[in-house]
Each structure stands twice: as structure tokens, then as C-alpha cells.
A.B. asks: 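Below is one structure. I have some questions about it.
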2 protein chains.
Amino acid sequence: MLHEDVVSRIRAILLDGEIPPGARIPERELCERLGISRTPLREALKVLAAEGLVQLLPHRGSRAAKLTDNDMRDLFEVCQGLEALAGELACERITDAEIDAIAAAHAAMVEHYRDGDLIQYYRGNRAIHEAIVTAAGNPVLAGLYTSVTARIRRARYVTPMTPQRWALAVKEHEAILNALQRRDGAGLSHILRAHLRHKREEVLQAGFAETEGNDLTLRIA
Amino acid sequence: MLHEDVVSRIRAILLDGEIPPGARIPERELCERLGISRTPLREALKVLAAEGLVQLLPHRGSRAAKLTDNDMRDLFEVCQGLEALAGELACERITDAEIDAIAAAHAAMVEHYRDGDLIQYYRGNRAIHEAIVTAAGNPVLAGLYTSVTARIRRARYVTPMTPQRWALAVKEHEAILNALQRRDGAGLSHILRAHLRHKREEVLQAGFAETEGNDLTLRIA
DNA sequence: TTTTGCATTTTTGAATGCAAAATTCGCCAT
DNA sequence: ATGGCGAATTTTGCATTCAAAAATGCAAAA
């Protein structure tokens with residue numbers, strides 16, 4: 001197994017919450033499970049620690065990182081900045097075909113909204129945001145975006161929404177698509193920031209920080 | 001020696017250009033120099049690879065990453081986004097004392113400009129940009145900023161400037177300080193982006209990508 | 001019963017050893 | 001001289017091993 005694969009698999013385990021935030025990471029167990037020895041595992045853990053997903057405690061092993069309310073605020077702020085930038089760049093560089101694809105994804109997402117299918121709605125939602133970042137055509141930006149969004153993914157795409165908030169989010173997405181189609185970078189940037197600000201308020205108000213005994217996975221259902 | 005220290009020391013070696021971009025990283029040699037064995041060294045290299053400073057080639061070792069013109073463009077774009085965000089947040093959160101400190105740093109920098117001391121000018125310049133990011137009060141943002149700016153530091157703070165460009169940069173810095181003092185987030189954000197856009201154009205026009213045989217260190221003097 | 005001190009066990013962090021891959025060098029044919 | 005092929009050498013990647021630190025368990029004392 002390649003180094004990057006080891007990193008990816010552990011990342012997936014952490015993001016799925018299989019090892020919940022704050023829990024110790026059992027080296028021996030993970031080694032057996034992945035069929036590797038401790039050396040490559042520990043290399044991967046150090047990389048994930050640099051990413052912020054893992055916390056290393058000298059001589060006391062590693063734990064899945066736990067996000068405080070402050071961390072959440074900081075990450076959402078940065079995410080806003082990155083998406084705003086992506087929106088502007090995307091408007092300069094996006095192709096008609098890419099716009100069409102996003103329009104289709106948007107339509108599908110609205111369908112899921114009409115069906116009241118939050119899981120599928122969130123899936124489509126995420127695809128749209130990622131497509132915009134991809135359309136920005138900046139791999140460095142895409143990389144940072146991936147890493148930052150990974151850390152807030154569960155909060156962002158798991159929070160239950162009130163009907164009002166959901167309706168607002170859909171409206172905002174109409175505006176996002178609209179700005180994209182008009183290639184209005186400043187406008188898109190502005191809407192994306194508002195959109196994410198609202199999402200952040202939702203998440204923080206819902207008390208979704210990964211504090212003791214706040215198991216997000218339980219709320220997915 | 002602690003893991004983070006190993007990472008830092010290798011990072012410094014790379015940023016100083018002691019191992020120039022594109023050059024192979026000699027594991028054995030570095031081990032002796034740092035007085036550690038290959039295991040912790042390789043852990044550090046993998047972390048630096050995730051940061052983008054090192055390139056890992058499977059079964060062929062690691063090299064100091066080399067930046068193409070495209071990489072440079074991407075990094076500057078992201079840097080613009082991060083500084084713009086930092087500027088806005090800083091205007092919301094900066095204290096009067098912090099503004100005074102930046103004003104003092106600005107005055108000192110202008111003195112170095114008058115003296116024609118580019119090295120000292122760049123040093124002060126960097127301190128101001130970093131102070132703004134710090135004043136944003138967002139550790140996640142600060143971390144990303146540090147990592148992104150590290151990669152373009154040599155290009156950014158080594159490029160020789162024409163008198164016209166230098167004068168323009170100083171003017172822009174006047175505007176930056178002004179916006180900060182007025183706590184005009186949108187204005188500061190706008191100026192910072194223009195400022196960095198100009199710097200990027202300078203760097204790219206000067207052909208400062210880290211391509212074959214383009215040794216930046218030679219030009220520092 | 002609770003707490004303190006100590007010995008044992010477990011886990012971490014790093015060095016070493018080993019197999020596989022790649023590079024280098026030498027040899028031979030042209 | 002030069003170009004290609006194969007063996008020797010080096011280097012990589014990982015498993016194993018070893019020393020040190022921390023956690024655990026237990027007994028004795030308060």
C-alpha cells in the first residue's frame with residue numbers, strides 16, 4: 001500500500017467518525033487492520049497531524065482532533081475566504097460546459113429539496129461547491145479547500161435545518177447559480193460568503209462543536 | 001530533538017535554498033547533520049511533502065520542490081485571498097495598540113525605502129503583512145498564510161524592483177496603513193489584493209519561477 | 001476506605017536490519 | 001570511441017528491535 005493511500009484511509013476513518021473526535025488512536029489495532037507496520041502508520045499520523053485532523057501528544061500517542069467552537073469559527077471563516085476567492089476565479093475561467101454541469105447539479109439538488117431528502121440534498125450541495133472550486137482552476141486553492149472543508153464536513157453537512165433555513169439556503173443557491181451564469185465574480189463571491197456565514201451561524205447555534213459527548217454521527221439519521 | 005523541530009530545521013534548509021529547488025534530498029547526509037536516524041527524518045519529509053515543500057518520488061527518494069510559473073501564479077492568487085480575508089478580519093478585531101505598532105513598522109520601512117536599503121525594506125514589509133494576519137485573530141488563517149507565503153517567500157522578497165515599482169509599493173503601503181487606521185475592511189482588502197497582484201506581476205515578469213538553473217540566491221546580494 | 005509509593009506492564013519514539021527497487025559502473029560488441 | 005547490456009552498489013521503504021517514558025496494578029499505610 002502506498003503512503004498516500006495509508007493517509008487517505010486513516011483520514012476516511014477519522015472523517016467517518018469511526019474514531020470519534022478526542023478518542024485515542026490505537027496504533028496496534030490500525031496496523032493490523034491496514035496490514036502495515038507501525039513505521040508507515042506513524043508517518044501517516046504525522047501528516048494528518050499537520051493537516052489538523054490528528055493531535056500528537058508527546059510520549060502519549062495521538063488522538064483524533066477535537067474541534068472547539070473557536071476552531072469551528074476559524075475554519076468557517078477561512079472557508080468563506082477560500083470559496084469567495086474560488087467564486088471570483090471561477091467566473092473568470094469557467095467553461096460553458098462546466099456551467100451547464102453545475103446547473104444540472106443544481107436542478108437535481110432542488111429536486112431533493114422538494115422531496116425533503118436532506119442526505120441527498122447535502123450530497124448535491126457539496127458537489128456544487130466543489131465544482132465551483134474546481135472551476136477556479138487553481139490546484140493550490142483546491143488543496144487548501146479540501147483540507148479545510150474536511151475538518152468541518154461533519155458539522156457542515158450533518159446539521160439538521162429548520163424549514164426556513166433550508167428554504168433560504170436553496171434561495172441562496174439560486175443566486176449562486178445565477179451569478180455563475182452571468183460570470184459575475186464579485187456577486188458570486190458575495191453570495192458565497194453570505195451563504196457560508198449563514199451555515200456557520202446554524203452550526204454554531206446548534207452547538208455542533210466537537211465537545212465531550214457530542215456525537216455528531218448520532219444525529220445523521 | 002522533537003519531531004516539530006526536525007520539520008522546522010529541514011524547512012529552514014529548504015527555504016534558505018541550501019538544498020536548491022529540484023535537488024535531491026540526501027537522507028543519509030541530513031541524518032548525520034541533524035544527529036537523527038532515518039525514521040524521524042523520513043517522517044518530517046512526508047510532512048513537508050504534504051506542505052508542498054518537498055516532492056516524493058516513489059522508490060526514487062525526495063527532492064526539494066520546484067515551482068513552475070503556474071505554481072507561482074496559483075500560490076500568489078491564494079495568498080491574495082488569504083491576505084484579503086486577513087485584512088477584513090483585522091479591521092474588525094485589531095486593537096489600537098496593534099495599529100500603532102504597525103504604524104511604527106510602516107514608518108521604519110519608509111525610512112529604509114528612503115535609504116534605498118531593499119533588504120531592510122523587505123524585512124519591514126514582511127513584518128507588516130504578518131502583523132495584519134496576526135491581527136486577524138484566526139490561527140487557522142495564520143497557519144495557512146505561513147505555509148503559503150513560505151513557498152513564495154524567496155520570489156516575493158528577493159525580486160529586485162525598479163524605482164517606479166518600489167515607489168508604487170510604498171504608496172500602496174500608505175493606503176494599507178490608512179485603511180487599517182480607518183478600520184475600513186473592504187478598502188484594506190481591496191488594496192491588499194492590488195498590492196499583491198502587482199507583486200505577482202513583478203515576480204512573473206522577472207521570470208522568477210524556480211526553473212532549471214535559476215538560482216534565486218545569487219540575486220539576493 | 002482512601003491514598004500513596006513502588007514494581008510491572010504497556011506504549012511510545014527512534015535505531016537498526018533486511019528485502020526490493022533503482023542507479024551506477026564495467027564490460028563487451030560494434 | 002561509443003552504445004548497449006548485465007552485475008555490483010546504492011538507496012529506498014518497511015518490519016523489527018530496543019530503550020525510555022507513561023500507564024497500570026497492587027500492596028501498604030493513613
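Letters A, B, ... mirror the listed sequences (proteins, then strands); counts begin at 1. This one's a predicted model, so the numbers in the text were calculated from it and none came from an experiment.
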A.B. asks: Output yes when B/K199 and B/E202 qualify as a salt bridge under the 4.0 Å nitrogen-oxygen rule, no when they do not.
C.D. replies: yes
A.B. asks: Can you tell me how the ring of B/Y121 sits relative to the ring of B/W166, calling it parallel under 30°, perpendicular over 60° and tilted otherwise?
C.D. replies: perpendicular
A.B. asks: How long is the gap from CD1 on A/I36 to CD on A/E43, to the nearest 0.5 Å?
C.D. replies: 9.0 Å
A.B. asks: What is the 5' to 3' range of DNA chain C, first to last nucleotide, that sits under 4.0 Å from any heavy atom of chain B?
C.D. replies: C/dA14 to C/dT23
A.B. asks: So, taking the atom named CZ in B/R154 and the one named OG1 in B/T159, what distance separates them when rounded to the nearest 0.5 Å?
C.D. replies: 11.0 Å
A.B. asks: How many Å lie between CZ on A/R60 and C1' on D/dA23, as a whole number?
C.D. replies: 10 Å
A.B. asks: Enumerate the residues from residues 37-44 of chain B whose closest heavy atom to DNA chain C is under 4.0 Å, giving them by residue number; use none for an empty result.
C.D. replies: B/S37, B/R38, B/T39, B/P40
A.B. asks: If you assign A/H59 and B/H59 each to the DNA chain D nucleotide with the nearest heavy atom, which residue ends up on the more 5' nucleotide?
C.D. replies: B/H59
A.B. asks: Should the ring pair A/H195 and A/H129 be called parallel, tilted or perpendicular, given that the plane angle runs from 0 to 90° and is split at 30 and 60?
C.D. replies: parallel
A.B. asks: Is it true that B/E4 and B/R9 have a side-chain N and a carboxylate O under 4.0 angstrom from each other?
C.D. replies: no
A.B. asks: With a 4.0 Å cut-off, would you call B/E77 and A/R93 a salt bridge?
C.D. replies: yes
A.B. asks: Do A/L192 and A/Q80 pass the side-chain contact (heavy atoms from CB on, under 4.5 Å) test, and can you show the C-alpha distance, the side-chain angles, and the key distance before you say yes or no?
C.D. replies: CA-CA 7 Å; A/L192 281 170; A/Q80 273 173 51; over 6 Å; no
A.B. asks: So does A/E51 pair up with A/R11, basic N to acidic O under 4.0 Å?
C.D. replies: yes
A.B. asks: Pick the closest DNA chain D nucleotide for A/P58 and for A/I36 by heavy atoms, then say which residue is nearer the 5' end.
C.D. replies: A/I36
A.B. asks: Output the rounded distance in Å from CD (A/E27) to P (D/dT16).
C.D. replies: 15 Å
A.B. asks: Nearest whole angstrom, please: distance from the P of D/dA15 to the CG of A/L30.
C.D. replies: 14 Å
A.B. asks: Taking only Watson-Crick and G-U wobble pairs with both distances under 3.5 Å, what dot-bracket line describes DNA chain D, where [ ] shows pairs that cross earlier ones and | shows pairs with another strand?
C.D. replies: ||||||||||||||||||||||||||||||
A.B. asks: Please report the C-alpha distance between A/N138 and A/V133 in whole Å, then the side-chain angles of each, then the deciding distance to 0.1 Å, and finally whether the side-chain contact (heavy atoms from CB on, under 4.5 Å) criterion is met.
C.D. replies: CA-CA 8 Å; A/N138 184 322; A/V133 172; over 6 Å; no
A.B. asks: With a 4.0 Å cut-off, would you call B/R42 and B/E27 a salt bridge?
C.D. replies: yes
